[in-house]
Amino acid sequence: DLTVLLGDEIDSARIAAAKSIAGAGSEAVAAVPRLIELLSDKNYSVRAAAALALGGVGAEAKQALPALKLALKDPETQDAAKAAIARIKQ
């Protein structure tokens with residue numbers, strides 16, 4: 001289960017899981033709460049991957065918009081957050 005890997009202690013495992021979820025689109029709705037948590041991860045690559053994954057989920061990830069708007073303030077993830085917000089609002 002990719003959602004379980006989102007909680008892995010290894011950064012690259014969390015990144016890979018988020019990227020896989022991004023490709024699953026709206027079928028990955030169950031992962032949205034965990035992806036929102038990862039927007040606060042210590043690793044900027046994990047934060048960016050989580051934002052992109054939320055964008056990949058699309059409109060079904062609307063509950064992530066407040067957290068993504070906060071992520072716009074993070075210079076390391078603002079581009080990913082901006083792209084995710086645009087995809088969710090489509």
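Every heavy atom of this structure was used, including side-chain atoms; hydrogens, water molecules and symmetry mates were not.
Shown here for G55 and I88, the closest heavy-atom pair between the two residues is CA-CG1, 4.3 Å. When all heavy atoms of A51 and A84 are compared, the pair lying nearest together is O-CB, 3.0 Å.
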- request: For L65 and I85, run side chain to side chain contact (heavy atoms under 4.5 Å, CB included): C-alpha distance rounded to whole Å, both residues' side-chain angles, the deciding distance at 0.1 Å, then the answer.
  value: CA-CA 7 Å; L65 287 173; I85 290 168; 4.1 Å; yes

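The distance from atom CG of D79 to atom CG of L52, rounded to the nearest 0.5 Å, is 9.5 Å. L6 CG to E37 CD: the interatomic distance, rounded to the nearest 0.5 Å, is 9.5 Å. Taking OG from S45 and CG from N43, the interatomic distance works out to 5.0 Å, rounded to the nearest 0.5 Å. In this structure, OG1 in T3 is found 9.5 Å from CZ in R34, a value given to the nearest 0.5 Å. With rounding to the nearest 0.5 angstrom, the CD1 atom of I15 is 12.5 Å from the CG atom of L5. Here the straight-line distance linking atom CG of L54 with atom CG of L68 works out to 5.5 Å at 0.5 Å rounding.
In this structure a side-chain-to-backbone donor-acceptor pair under 3.5 Å is missing from R14 to G7. Using a distance-only test at 3.5 Å, with no hydrogens or angles considered, no donor-acceptor pair links the side chain of R87 to the main chain of G58.
The side chain to side chain donor-acceptor pair (under 3.5 Å) pairs that include a residue from residues 62-77 are R47-D74, R47-E76, D74-T77, where partners are two or more places apart or lie in different chains.
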